[in-house]
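In what follows, a structure is listed as structure tokens, so that the remarks can point back to it.
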Amino acid sequence: MKILWKIIVIISAVIIIAYGLLYLFGRAMFSSTPEDHKDSLYSELNVPTDAIIIRETNDLAYRGGEYYGVLQIPSTEVQDFIATAEQTGEWRQLPLPEKIKETAILPDNFPVDLDEGIYYFVDMYAESYPDEKDININLREYYSFKLAVFNTEDGVLYIYYCAE
């Protein structure tokens with residue numbers, strides 16, 4: 001009888017520990033939601049909290065996906081948004097380089113031909129595979145980049161994120 005109790009206690013302890021580890025690691029690995037990804041992207045781009053979403057497609061998942069957003073930056077925030085973008089050193093003056101304009105996966109109504117404004121581009125694929133950074137985006141194994149274009153004339157911010 002003592003041996004049976006010991007076996008029951010050991011099995012119970014193993015089950016409790018296994019569930020505890022699964023709970024802890026499961027939460028850490030799978031707690032990200034599409035909204036978390038979007039919020040992180042907005043934070044990275046310093047999008048004002050009072051920006052108005054005009055159009056949005058959010059197919060983000062735990063490890064990637066696609067996001068397209070068109071946001072109106074309030075006129076009272078436009079100059080601050082531009083100043084913050086310039087301070088980061090990561091935004092550039094339009095027009096977009098040809099290699100970005102030619103990206104096949106961009107949404108049909110993404111403003112690739114704007115001349116007035118600024119843009120932000122992070123090639124996550126090139127960061128992961130530096131030896132392949134010069135390969136045409138359309139010829140790579142998969143798409144993985146962030147692109148934002150801000151039209152300074154009308155205060156509209158276009159955001160496209162793709163990680164397959």
Tabulate below the donor-acceptor pairs under 3.5 Å that side-chain atoms of residues 111-125 make, not counting sequence neighbours, or state none.
residue : atom : partner : partner atom : Å
Tyr120  : OH   : Glu44   : OE2          : 2.3
Asp123  : OD1  : Tyr125  : N            : 3.3
Asp123  : OD1  : Ala126  : N            : 3.1
Asp123  : OD1  : Arg140  : NH1          : 2.7
Asp123  : OD2  : Arg140  : NH1          : 2.9
Asp123  : OD2  : Arg140  : NH2          : 2.9
Tyr125  : OH   : Glu132  : OE1          : 2.4

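Taking CG of Leu106 as the reference point, atom OG1 of Thr103 lies at 5.0 Å (rounded to 0.5 Å). Taking NZ from Lys99 and CG from Asp134, the interatomic distance works out to 8.0 Å, rounded to the nearest 0.5 Å. Between Asp39 atom CG and Thr49 atom OG1 the span is 11.5 Å, to the nearest 0.5 Å. In this structure, CG on Leu94 lies 7.5 Å from OG1 on Thr152, to the nearest 0.5 angstrom. For the atom pair Gln87 CD and Thr84 OG1, the distance stands at 5.5 Å (nearest 0.5 Å). Taking OG of Ser40 as the reference point, atom CG of Leu45 lies at 9.5 Å (rounded to 0.5 Å).
Side chains of Ile105 and Glu66 form a contact here, defined as non-hydrogen atoms less than 4.5 Å apart. Within the 4.5 Å cutoff, side-chain heavy atoms of Val70 are placed close to those of Val156. Using a 4.5 Å heavy-atom cutoff, the side chains of Tyr67 and Leu41 are in contact. For the pair Trp91 and Phe150, the minimum side-chain heavy-atom distance is below 4.5 Å. Considering only heavy atoms from C-beta on, Ile159 comes within 4.5 Å of Leu157 through its side chain. Annotation: side chain of Phe110 is in contact with side chain of Leu147 (closest heavy-atom distance under 4.5 Å). For the pair Ile52 and Pro74, the minimum side-chain heavy-atom distance is 4.5 Å or more.
For the pair Glu153 and Asn151, the tightest heavy-atom approach, listed with the atom from each and the gap, is N-OD1, 2.9 Å.
Aromatic ring centres of Tyr68 and Tyr158: separated by at least 6.0 Å.
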